[in-house]
Every structure is written in structure tokens, then in C-alpha cells.
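If you're wondering where the values come from, they're calculated on a predicted model, not measured in any experiment. For reference, positions follow the sequence shown, starting with 1. Hydrogens, waters and symmetry mates play no part in the numbers below; they use all other heavy atoms, side chains included.
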Amino acid sequence: MVERFERFSVAIAEINRCWHKLAGEEMKAYGLKGAHATYLVIIGRYPQGITVPELCEQCMKDKSDASRMLAILEEKGLVRKEGPHKSGYGGTIHLTEAGRQAAEHVRRRAGRAVEVAGKDLTDAQREAFYGALDSVIGNLRVLTKEGIPE
């Protein structure tokens, strides 16, 4: 069992490390860090706008992280806040035209990275992999709420 834990932990850490390195390289052109890529892509999914709490839920980040990231994205002219309560965590976040272009660039490049990373998988293997990943994530979420059973 420990061997599976170690293999799982190292694999997840390596995937995370590689993803952040690739995202960081793509975001350099915008003067941003890799962590901004996720925010751009998720905001881009909501052309009608997204609130900070909704964004936090989608990105799996807390409000302070989202606030820092949004301040930088706003400073770079990639997002704007709209609405009567646009200060703090209020208002709705929208991509600017430059933000839409950046989000599309990131989405396209991320898609290409995922395609190349999984090039050796058959469609059946890919489907099984994502099914297994969803199952592990669901079980881990339960464990984080309820704790590890004795």
C-alpha cells in the first residue's frame, strides 16, 4: 500500500510541476506566471462574467489568492470588474479583448500539451484514465471532509 501511495504522490507532484513549468513558459509573453493561466481560461468560459466566489470554486483557490491574481490580470488589462459592487470581492469579472486573446492562446496551447502528453493512449485508455481520475478525486474529497477511516 505504501508503494502505491508513494507512486501516486510522486506522479501527482510531477504532473503538477510539469504543468506549472509549461504554463509559466506560455504566460511569459504576457508578463504573467503560470498560475494566471487557469484564471484566464476559467473566466473565458463565462462570457456573461463570473463572480469572485464562483471563480474561487472553479479554480479551487481561496479568495485571497483570487484577489491577488485578479489584481495582476486587471493591471495587465486582461480583465475588468463590472457591477455596482465592483470593489473587493463584489462585482462580476469579465475578460477584455486582450484577455480573450490570451485565454484563447492558453486554451489552444494547453490543448496541444494534453494531446502530446497523452499521445500514446488509445481512446479506451484515455476514457479509463479520466474515469479513474474522477473516482480518485471524488474519494479524496470525501476523505478531506470526513477524515481517513480507521
Side-chain angles (χ1 to χ4, degrees), residues 7-146:
R7 186 174 177 192
F8 177 80
S9 297
V10 170
I12 294 297
E14 181 67 4
I15 289 169
N16 191 46
R17 185 187 70 78
C18 290
W19 171 249
H20 282 286
K21 181 176 169 82
L22 291 169
E25 287 298 316
E26 292 301 320
M27 297 310 293
K28 274 184 186 177
Y30 302 98
L32 298 169
K33 303 285 185 193
H36 295 99
T38 301
Y39 284 92
L40 282 173
V41 170
I42 290 175
I43 296 167
R45 278 196 236 143
Y46 297 89
Q48 76 285 1
I50 186 170
T51 66
V52 174
E54 291 167 336
L55 183 61
C56 291
E57 186 176 320
Q58 292 290 314
C59 291
M60 305 294 282
K61 299 291 184 178
D62 61 33
K63 284 183 182 177
S64 63
D65 185 76
S67 180
R68 284 190 302 275
M69 293 293 160
L70 289 170
I72 293 167
L73 291 172
E74 197 167 16
E75 179 183 302
K76 298 282 186 182
L78 300 173
V79 301
R80 70 181 185 286
K81 274 187 169 182
E82 294 180 358
H85 304 289
K86 61 184 181 182
S87 63
Y89 299 122
T92 306
I93 311 300
H94 297 267
L95 291 177
T96 63
E97 181 55 36
R100 279 190 286 282
Q101 290 175 10
E104 180 53 35
H105 170 82
V106 170
R107 192 176 9 266
R108 191 174 58 255
R109 297 294 291 160
R112 181 69 178 129
V114 169
E115 180 184 317
V116 172
K119 69 181 179 188
D120 299 327
L121 300 176
T122 65
D123 288 342
Q125 288 172 320
R126 188 173 293 104
E127 189 175 327
F129 171 75
Y130 284 110
L133 196 57
D134 288 343
S135 178
V136 169
I137 291 167
N139 291 332
L140 285 171
R141 285 181 178 151
V142 169
L143 287 172
T144 59
K145 289 178 183 165
E146 298 175 4

Chi angles and distances behind the side chain to side chain contact (heavy atoms under 4.5 Å, CB included) call for Leu73, Ile93: CA-CA 11 Å; Leu73 291 172; Ile93 311 300; over 6 Å; no

Before you tell me yes or no, could you show the steps for His94 and Val79 under side chain to side chain contact (heavy atoms under 4.5 Å, CB included), namely the whole-Å CA-CA distance, both residues' side-chain angles and the distance that decides it to 0.1 Å? CA-CA 6 Å; His94 297 267; Val79 301; over 6 Å; no

Verify salt bridge (Lys or Arg N to Asp or Glu O under 4.0 Å) between Glu82 and Arg80, making sure each step is shown before the conclusion. CA-CA 7 Å; Glu82 294 180 358; Arg80 70 181 185 286; 2.6 Å; yes

Under the side chain to side chain contact (heavy atoms under 4.5 Å, CB included) criterion, do His105 and Tyr30 qualify, and how do the steps go? CA-CA 11 Å; His105 170 82; Tyr30 302 98; 3.4 Å; yes

Set out, in order, the CA-CA distance, both residues' side-chain angles and the distance that settles side chain to side chain contact (heavy atoms under 4.5 Å, CB included) for Phe8 and Val136, then state yes or no. CA-CA 11 Å; Phe8 177 80; Val136 169; 3.7 Å; yes

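In this structure, OH in Tyr130 is found 8.0 Å from CG in Leu121, a value given to the nearest 0.5 Å. Interatomic distance, CE of Met69 versus OG of Ser64, reported as 10.0 Å (0.5 Å rounding). Here the straight-line distance linking atom CD of Glu25 with atom NE2 of His20 works out to 14.0 Å at 0.5 Å rounding. One finds the SG atom of Cys59 at 8.5 Å from the CG atom of Asp65 (value rounded to the nearest 0.5 Å). Note that CE of Met27 is 13.0 Å distant from CZ of Arg109, once rounded to the nearest 0.5 Å. Interatomic distance, Ile43 CD1 to Leu70 CG, rounded to the nearest 0.5 Å: 5.5 Å.
Here the side chain of Thr38 pairs no donor or acceptor atom with the backbone of Ala35 at under 3.5 angstrom. Listed for the Thr92 side chain is no donor-acceptor partner under 3.5 Å among the backbone atoms of Thr51.
Between Pro53 and Glu57 the shortest side-chain heavy-atom distance does not fall below 4.5 Å. Side-chain contact between Leu78 and Leu32 is present, with at least one heavy-atom pair separated by less than 4.5 Å. By the 4.5 Å heavy-atom criterion applied to side chains, Tyr39 and Lys61 are counted as neighbours.
Remark: Gln125 CD is packed, more than 12 non-hydrogen atoms of other residues, nucleotides or ligands lying under 6.0 Å away. Heavy atoms of other residues, nucleotides or ligands lying less than 6.0 angstrom from CD of Glu127 number 12 at most. The environment of CG in Asp62 is crowded: more than 12 heavy-atom neighbours from other residues, nucleotides or ligands sit within 6.0 Å.
The minimum heavy-atom distance between Gly77 and Ala98, with the atom names listed, is O-CB, 4.0 Å. Listed here is the closest heavy atom pair of Ala103 and Val41: O-CG2, 4.1 Å. Between Ala66 and Val52 the shortest heavy-atom distance is CB-CG1, 4.3 Å.
Ion pairing between a basic and an acidic side chain is recognised when a charged N comes within 4.0 Å of a carboxylate O; Lys76 and Glu74 show no such pairing.
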